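Below: the structure, in structure tokens.
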Number of protein chains: 2
Amino acid sequence: VRDKLQIADGDIVEVEPAKFPESLYHIRNKLRGKRLVYEEIFEIIQDAVRGNLSEVELSAFVTALHTQGIDLEEAYNLIVAMVNTGEQLKLEKETIVDKHSIGGIPGDKTTLILVPIIAAAGLTIPKTSSRAITSAAGTADKAEVLMPVDLDIEEMRRVVNETGGCIAWGGALHLAPADDIFVKIEYPLSIDPLMLPSILSKKKAVGANYLVIDIPTGRGSKVKTIGDAELLAKDFIELGKRLKMKIECAITFAEQPLGNTIGPSLEAKEALEILMGEKYVPDVVDKVTHLAGMLLEMVGKNNGRNLALQLLKTGKALEKMREIIYQQGGNSEIKPSDIATGDYGIEIKSEKSGLVQWINNNVLVEIARAAGSPKDKEAGIVLHKKIGERVKAGEILFEIFANKQNKLSRAAKISEESKAYGVGERQEMLIHKVVEPPFHKKTFILER
Amino acid sequence: VRDKLQIADGDIVEVEPAKFPESLYHIRNKLRGKRLVYEEIFEIIQDAVRGNLSEVELSAFVTALHTQGIDLEEAYNLIVAMVNTGEQLKLEKETIVDKHSIGGIPGDKTTLILVPIIAAAGLTIPKTSSRAITSAAGTADKAEVLMPVDLDIEEMRRVVNETGGCIAWGGALHLAPADDIFVKIEYPLSIDPLMLPSILSKKKAVGANYLVIDIPTGRGSKVKTIGDAELLAKDFIELGKRLKMKIECAITFAEQPLGNTIGPSLEAKEALEILMGEKYVPDVVDKVTHLAGMLLEMVGKNNGRNLALQLLKTGKALEKMREIIYQQGGNSEIKPSDIATGDYGIEIKSEKSGLVQWINNNVLVEIARAAGSPKDKEAGIVLHKKIGERVKAGEILFEIFANKQNKLSRAAKISEESKAYGVGERQEMLIHKVVEPPFHKKTFILER
């Protein structure tokens with residue numbers, strides 16, 4: 001304190017207690033079940049951003065939102081307050097499109113292929129992404145393998161103006177910074193009441209007016225049933241209307257990883273191979289072109305999906321990706337073989353013959369993280385078999401890669417203890433017995 | 001009223017307003033979020049059984065239980081009150097076992113095979129079952145194809161004493177009759193807060209002290225995720241401890257119908273064919289022997305599943321089933337060919353080639369019900385393909401049977417309009433787009 005206030009020895013200092021933040025009254029009202037109005041919400045968000053609220057106070061706020069719920073009006077006001085307490089991109093464009101996945105499916109490299117397709121179609125897509133929180137790799141982690149992603153807002157504006165698109169890390173941009181504060185509270189609590197406001201505030205801050213939200217849906221995912229996905233989609237669409245943002249949602253299949261790789265470098269490599277036409281990974285191309293097609297049709301193009309496929313096949317998307325890489329300061333000549341993967345590897349083989357009946361996404365994420373992902377970019381998993389494929393006893397199901405032997409061993413141990421793959425001629429009818437009140441191990445997926 | 005009171009013309013009658021039922025105060029307290037104690041719960045249940053509560057009052061009670069929730073203590077007290085306001089079986093046996101499915105998987109003929117296996121092992125299993133409420137066929141509907149099921153409590157006791165088992169309809173027995181009253185309220189409201197008390201009160205009323213609860217789990221089922229199934233299992237096990245009933249739960253796969261048939265006669269026929277060894281239906285045998293094996297091991301037998309399989313294979317279970325049929329007053333010589341199925345049929349063929357990716361249980365139930373099931377016992381569905389099987393364009397996916405042409409047409413129309421089967425080389429990544437706030441069509445499954 002003395003350094004900060006530049007006080008010399010012997011100076012006289014007046015001390016008075018810090019003002020009790022007003023927003024605490026509002027938090028207490030929310031705890032009692034009262035709905036908050038804009039001014040109250042703004043005060044809370046502002047105090048959070050300015051550092052006037054302690055972790056105890058922030059925790060009470062997040063908990064109150066979780067237990068009391070927030071209605072659409074409160075969600076809208078949260079978004080506006082979060083936008084107004086941060087930076088805004090302010091592009092000089094009438095049509096700005098964006099895409100966001102709420103997360104929950106490992107191996108999702110959709111953004112790395114969709115952004116160049118959309119920009120190659122002549123549209124503006126100022127994409128910001130986050131790093132992994134609970135997953136094996138965030139989109140920012142994956143993009144960083146190909147190019148720098150920690151742009152500031154001026155740099156982001158320049159890249160988008162030059163190329164029509166970008167893939168930037170949201171963290172350095174100060175767009176809706178309240179979210180970054182709340183995420184730190186939500187993570188240890190394993191609750192996420194601010195998901196909708198946090199996603200839409202970031203999109204509003206870049207000025208998006210056409211948005212596709214991807215809701216990966218499956219038993220191991222964040223959203224488990226199609227019914228739940230539809231309820232969430234409804235909230236997104238309704239909030240979009242208030243924000244003057246046209247939103248469509250895609251409910252997508254998430255019962256197994258997307259594509260054949262998990263981990264930043266492995267996924268960046270797979271995306272580059274798909275862009276270069278060196279590999280055809282059906283589920284990745286299927287998902288990317290569906291989502292890109294929805295965006296293209298929202299702004300008035302015909303046969304959106306086909307157009308997206310053409311931009312990918314003709315190499316136009318690859319060309320655009322190289323422009324974006326160049327403008328963000330990366331090596332625009334990068335080849336898949338330039339991308340290193342972990343030096344240590346182990347093959348996990350099937351114990352029996354049959355069809356792959358199921359894949360446990362959460363176990364694969366646990367394995368990839370134990371192997372070092374996302375911090376060790378080269379660590380991760382390569383899948384050799386997906387659901388429905390035939391496998392013989394002794395055949396490889398997947399490989400684990402790591403930079404260090406001890407991390408590889410830890411990952412291999414998890415693979416031994418938890419089942420990542422179910423193989424059999426048909427689905428066993430008994431999933432499991434519950435004999436004693438079970439210890440409830442629940443995986444929490446928090447991604448932005 | 002005059003008939004009931006046997007009043008003659010000119011008699012003098014004193015009229016006074018009916019006493020305001022005390023239990024209304026308790027219902028009102030529950031509405032306000034107060035927990036109810038045993039005496040209050042007993043009064044409500046007694047008034048319900050005696051007909052002292054109107055539909056409005058019963059509806060408020062069920063709604064209060066749904067919105068306020070019930071804790072384990074209240075659930076326990078509900079069970080005890082429901083048992084004490086009905087008949088009890090009172091067998092002179094130390095060990096009484098039972099099995100119950102919470103429902104939600106069409107084609108489940110487990111009981112018809114499990115009961116004779118368990119009885120053939122020398123155990124006592126006084127099984128009561130219900131008729132369909134929202135499903136295509138209740139176990140009582142299926143069993144009735146083979147034998148009378150509307151036993152009274154004396155007859156049930158006799159059959160169990162003679163054979164060790166029975167498959168009786170619960171409706172004529174007056175075991176925990178409050179449940180039959182509440183079900184009529186829950187059905188139009190599409191809520192089921194009394195599921196646990198209603199199931200366990202029926203089991204307590206027959207004196208069961210070893211119980212396996214089957215929790216079919218899958219996206220189209222009553223319980224959609226394994227996490228939810230585990231939470232429910234925990235409640236069952238805990239309540240069992242208070243009721244001095246050893247309970248184990250089986251979380252079973254329910255993403256497609258069990259076996260190849262849906263509808264009372266078709267299912268009874270399939271069960272009989274399995275018991276006679278004329279057909280081997282892997283998923284049915286798998287499920288039956290797993291559940292039977294759990295029960296056998298709970299009472300101290302080794303290798304329960306193997307024992308169950310032996311009793312099935314050697315024909316001991318069939319022999320026991322014929323005894324039960326005989327004692328319940330049916331034709332113990334019944335053959336599968338004696339069981340008629342609908343005169344009118346239609347084959348539903350696949351439009352494309354590929355693998356069966358998914359089956360929509362709820363659509364199949366809708367089709368079977370439109371065809372006349374469960375009222376027309378001969379109506380229903382025969383599945384020719386299950387998940388993971390290869391099908392060619394033009395090949396039959398399933399057949400619909402009905403007693404009347406107009407019912408068959410209605411069922412066929414539903415099959416045309418709603419997709420029961422998903423066929424393709426692989427799972428499409430886009431499940432569906434949500435462009436406008438969706439109309440939420442939710443299937444409610446209420447079974448006992």
Side-chain angles (χ1 to χ4, degrees), chain A residues 212-213 215 217-219 224-238 241 247-256 258 282-291 293-294 298 355 357 386-388 425-443, chain B residues 212-213 215 217-219 224-238 241 247-256 258 282-291 293-294 298 355 357 386-388 425-443:
Chain A
V212 164
I213 299 277
I215 305 178
T217 302
R219 278 162 296 179
K224 306 213 183 304
T225 69
I226 294 173
D228 287 348
E230 284 176 346
L231 289 175
L232 186 58
K234 194 172 88 172
D235 284 348
F236 270 117
I237 292 169
E238 282 299 322
K241 283 184 185 163
I247 297 182
E248 292 187 3
C249 295
I251 300 176
T252 59
F253 182 75
E255 300 239 328
Q256 64 180 345
L258 187 65
D283 59 346
V284 178
V285 173
D286 185 12
K287 179 163 176 176
V288 168
T289 54
H290 262 304
L291 296 183
M294 284 172 75
M298 281 170 82
L355 296 163
Q357 297 288 341
K386 307 270 303 247
I387 291 174
E425 278 312 315
R426 44 184 194 81
Q427 173 71 42
E428 277 273 320
M429 285 309 296
L430 183 68
I431 297 171
H432 68 250
K433 296 182 198 178
V434 185
V435 175
E436 282 299 315
F439 168 69
H440 205 62
K441 186 187 170 191
K442 202 166 169 167
T443 311
Chain B
V212 164
I213 298 277
I215 305 178
T217 302
R219 279 163 295 178
K224 306 212 184 305
T225 70
I226 294 173
D228 288 347
E230 283 174 347
L231 288 175
L232 185 58
K234 195 172 88 172
D235 284 348
F236 270 117
I237 292 168
E238 281 300 322
K241 284 184 184 162
I247 296 182
E248 292 187 3
C249 294
I251 299 176
T252 58
F253 181 76
E255 300 238 327
Q256 63 180 345
L258 187 66
D283 59 346
V284 178
V285 173
D286 184 13
K287 180 163 175 176
V288 168
T289 54
H290 263 303
L291 296 183
M294 284 172 75
M298 281 169 82
L355 296 163
Q357 297 289 339
K386 306 266 307 243
I387 291 174
E425 277 314 316
R426 46 186 191 79
Q427 173 72 42
E428 276 274 322
M429 286 307 298
L430 183 68
I431 298 172
H432 68 248
K433 296 183 199 177
V434 185
V435 175
E436 282 299 315
F439 168 69
H440 206 63
K441 187 188 171 190
K442 202 165 167 165
T443 312

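Atoms considered below: every heavy atom in the structure, side chains included; atoms not considered: hydrogens, waters and symmetry mates. Since the model is a prediction, treat every value here as computed from it, not as a measurement. A, B, ... follow the sequence lines: proteins, then strands. Residue 1 opens every chain.
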Sorted by chain and residue number, the salt bridge (Lys or Arg N to Asp or Glu O under 4.0 Å) partners of A/E425 (sequence neighbours excluded) come out as A/R390

Quick one: what part of B/H290 sits under 4.5 Å from any heavy atom of chain A, side chain, backbone, both or neither?
-> side chain

What residue, out of A/V212, A/I247, A/D283, A/T217, has the most heavy-atom pairs lying under 4.5 Å from chain B?
-> A/D283

Checking side chain to side chain contact (heavy atoms under 4.5 Å, CB included) against A/I431, which of B/T252, B/I215, B/I226 comes through?
-> B/I226

Which bit of B/L258 is near chain A, if near means a heavy-atom gap under 4.5 Å: side chain, backbone, both or neither?
-> side chain

Proximity breakdown for B/K241 and chain A, heavy-atom pairs closer than 4.5 Å | side chain

Heavy atoms of B/F253 and A/R219 approach each other most closely as CE1-NH1, 4.5 Å

How would you list, by chain and number, every residue that makes a salt bridge (Lys or Arg N to Asp or Glu O under 4.0 Å) with B/D235, sequence neighbours excluded?
-> none

Is a salt bridge present between B/R426 and A/D286, judged by a nitrogen-to-oxygen distance below 4.0 Å?
-> yes

Is it the backbone or the side chain of B/E255 that comes under 4.5 Å from a heavy atom of chain A, or both, or neither?
-> side chain

Any idea which of B/E238, B/M298, B/E248 has the most non-hydrogen atom pairs under 4.5 angstrom with chain A?
-> B/E248

Most contact-rich option vs chain A, by heavy-atom pairs under 4.5 angstrom, among B/P282, B/A254, B/A229, B/G218, is B/P282

Largest heavy-atom contact set with chain A, pairs under 4.5 Å, which of B/K287, B/K433, B/Q427 | B/Q427

